[in-house]
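In what follows, a structure is listed as structure tokens, so that the remarks can point back to it.
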Amino acid sequence: MVEFLVENYDLAATLTSGQAFRWRWVDGAWEGAVAGRWVCLRQEKNRIHAQTALPVDDWTWLRHYLQLDVNLGKILDTFPMDEPMQCSVRSCAGLRLLRQEPWECLASFICSSTKRIVQIQQIIALLCRRFGDPVTVPHGHEPIHTFPHYAKLAEASESDLRECKLGFRAPYLLKTARKLRDGEVDLKALRGLPLEEARAQLLQLPGVGIKIADCVLLFGYGFQQAFPVDVWIMKALRQLYFPKRRVKLPRLRHFSQTHFGPHSGYAQQYLFHYMRTKGKA
DNA sequence: GGCCAGGCGCGTA
DNA sequence: TACGCGCATGGC
């Protein structure tokens, strides 16, 4: 059990904002698995309480995952002052980017294409239950599994994966797992590469296009200028920035790379959240 | 019952 | 290079 002091941190918004897919809301707290450990998170104002099943004395892994040492205010200060951006920030101050394990992030987003977030969560839960390893959980809590290593998925068959509701994404995930197992792409080696080179590596993997590559670069590696453009972001850019004309995707991508500053990835997450929640509650 | 979902890969012009 | 389409599945 530990308590972190935080400022400007909206845990619930962050864990449900479509970047991670494994968190469950149970009795007023968030249960999940990070770095192979069961962990339960609960926020009360400026404190985040964390509980694990087994004793922990070094919490670096969780601080890193939650990005507790990021000064969000400084990042928000770099955003453009235009109305859509400021409006997005006002709608959810405290939204954060997590730093996930790259393989889990990559596999999750291969599963994500033309799926709603709820369905992505279902697929990943099935994958973990079937191929992951059980994690120690306190008495009385739901069982949870690790996210299966690519070497494990590489041994599966396409129909095994289709049974996890992957549909046409099954061969993509399988081929990518096998490529990683065979060392054709080394996810560890992407750290520290220039953005373009890291993206080129990811694009070699089946089922990975620019959008999914950018999700992995942003959520798994922390490349601050990776800016995933999905249907929601496309809608945001067209409605909020180019309402009068029909702008094509390449132009939107160029705009996204030049307009939002050195932390454009964060800006993207705010726009995404704003578009998904505006009009509701 | 049609439409759409944090897309990608491939065929055709 | 630039479109258009098929691909599974489920919720509304």
Side-chain angles (χ1 to χ4, degrees), chain A residues 13-23 88 91-92 95-100 102 104-127 130 156-179 185 199-221 223 225-240 246-254 256 260 264-281:
Chain A
T14 299
L15 298 183
T16 59
S17 63
Q19 43 180 324
F21 303 98
R22 295 245 279 146
W23 291 98
S88 301
S91 78
C92 189
L95 179 63
R96 301 286 187 135
L97 289 181
L98 301 168
R99 185 68 57 83
Q100 302 175 61
E104 176 172 342
C105 187
L106 168 62
S108 299
F109 278 97
I110 287 175
C111 300
S112 77
S113 60
T114 58
K115 279 288 179 195
R116 291 167 204 274
I117 289 173
V118 180
Q119 293 169 341
I120 302 167
Q121 292 168 338
Q122 288 169 357
I123 292 171
I124 290 168
L126 289 170
L127 278 176
R130 176 145 182 183
S157 70
E158 186 178 319
S159 64
D160 289 335
L161 297 186
R162 282 182 186 267
E163 285 172 15
C164 297
K165 313 270 189 188
L166 265 87
F168 63 85
R169 307 156 196 81
Y172 295 152
L173 184 59
L174 188 55
K175 287 177 188 167
T176 286
R178 289 178 177 167
K179 273 201 164 190
V185 171
R199 184 189 285 134
Q201 289 289 306
L202 291 172
L203 289 176
Q204 293 179 30
L205 298 168
V208 180
I210 295 176
K211 189 271 169 181
I212 290 177
D214 280 354
C215 284
V216 178
L217 293 171
L218 183 61
F219 304 139
Y221 291 94
F223 283 91
Q225 301 202 51
F227 192 106
V229 179
D230 74 326
V231 290
W232 289 99
I233 292 295
M234 235 173 340
K235 204 188 297 180
L237 297 180
R238 287 193 172 128
Q239 278 181 14
L240 305 175
R246 170 72 189 179
V247 182
K248 291 181 183 174
L249 181 57
R251 195 191 150 93
L252 293 179
R253 286 218 172 93
H254 180 260
S256 74
F260 293 99
S264 55
Y266 271 89
Q268 174 277 153
Q269 198 63 12
Y270 277 87
L271 287 172
F272 179 76
H273 187 276
Y274 174 61
M275 288 304 286
R276 290 204 337 121
T277 54
K278 81 186 168 99
K280 298 178 188 172

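When the P atom is compared between dG10(C) and dG9(B), the two are found 23 Å apart, to the nearest whole Å. Rounded to whole Å, the C1' atom of dA2(C) lies 24 Å from the corresponding atom of dG6(B). Annotation: dC5(C) and dC4(B) have their P atoms spaced 14 Å apart (nearest Å).
Nearest-nucleotide mapping onto DNA chain B: of Leu203(A) and Gln268(A), the residue sitting toward the 5' end is Gln268(A).
The distance between atom CD of Gln122(A) and atom P of dG11(C), rounded to the nearest whole Å, is 6 Å. Atom P of nucleotide dA8(C) and atom CD1 of Ile120(A) are separated by 18 Å, given to the nearest angstrom.
Interface residues of residues 207-218 of chain A facing DNA chain B, ordered by number: Gly207(A), Val208(A), Gly209(A), Ile210(A), Lys211(A), Ile212(A); criterion, heavy-atom separation under 4.0 Å. Near DNA chain C, meaning a heavy atom under 4.0 Å away, the residues from residues 107-119 of chain A are Thr114(A), Lys115(A), Arg116(A), Gln119(A). Taking every heavy atom of residues 169-178 of chain A and every atom of DNA chain B, pairs under 4.0 Å involve Tyr172(A), by number.
Counting heavy atoms from C-beta on, the side chains of Leu271(A) and Ile233(A) come closer than 4.5 Å.
Around NZ of Lys179(A), the count of heavy atoms belonging to other residues, nucleotides or ligands within 6.0 Å exceeds 12.
Within the model, atoms OH of Tyr274(A) and CH2 of Trp232(A) stand 12.5 Å from one another, a figure rounded to the nearest 0.5 Å. Of the inter-residue distances, the one linking Gln100(A) atom CD with Cys215(A) atom SG reads 10.0 Å to the nearest 0.5 angstrom. One distance of note links CG of Leu161(A) with CZ of Arg169(A); it measures 12.5 Å at 0.5 Å rounding. Rounding to the nearest 0.5 Å places CZ of Arg238(A) at 10.0 Å from NZ of Lys248(A).
For residues 107-121 of chain A, the set of pairs meeting the salt bridge (Lys or Arg N to Asp or Glu O under 4.0 Å) definition, not counting sequence neighbours, is empty.
For the pair Gln19(A) (side chain) and Leu98(A) (backbone), a donor-acceptor distance under 3.5 Å is present. Here the side chain of Thr176(A) pairs a donor or acceptor atom with the backbone of Pro206(A) at under 3.5 angstrom. In this structure, the side chain of Gln269(A) engages the main chain of Ser17(A) through a donor-acceptor pair within 3.5 Å.
The aromatic ring centroids of Tyr266(A) and Phe260(A) lie 6.0 Å or more from each other. Checked against the 6.0 Å centroid criterion, the rings of Phe227(A) and Phe272(A) do not qualify as a close aromatic pair.
Checked against ring pair (Phe, Tyr, Trp, His ring centres under 6.0 Å), Tyr221(A) has no partners two or more places apart in sequence or in another chain.
Among the heavy atoms of the strands, none lies under 4.0 Å from Phe21(A).
The outermost nucleotides of DNA chain B lying under 4.0 Å from heavy atoms of chain A, listed 5' to 3', are dC4(B) to dG9(B).
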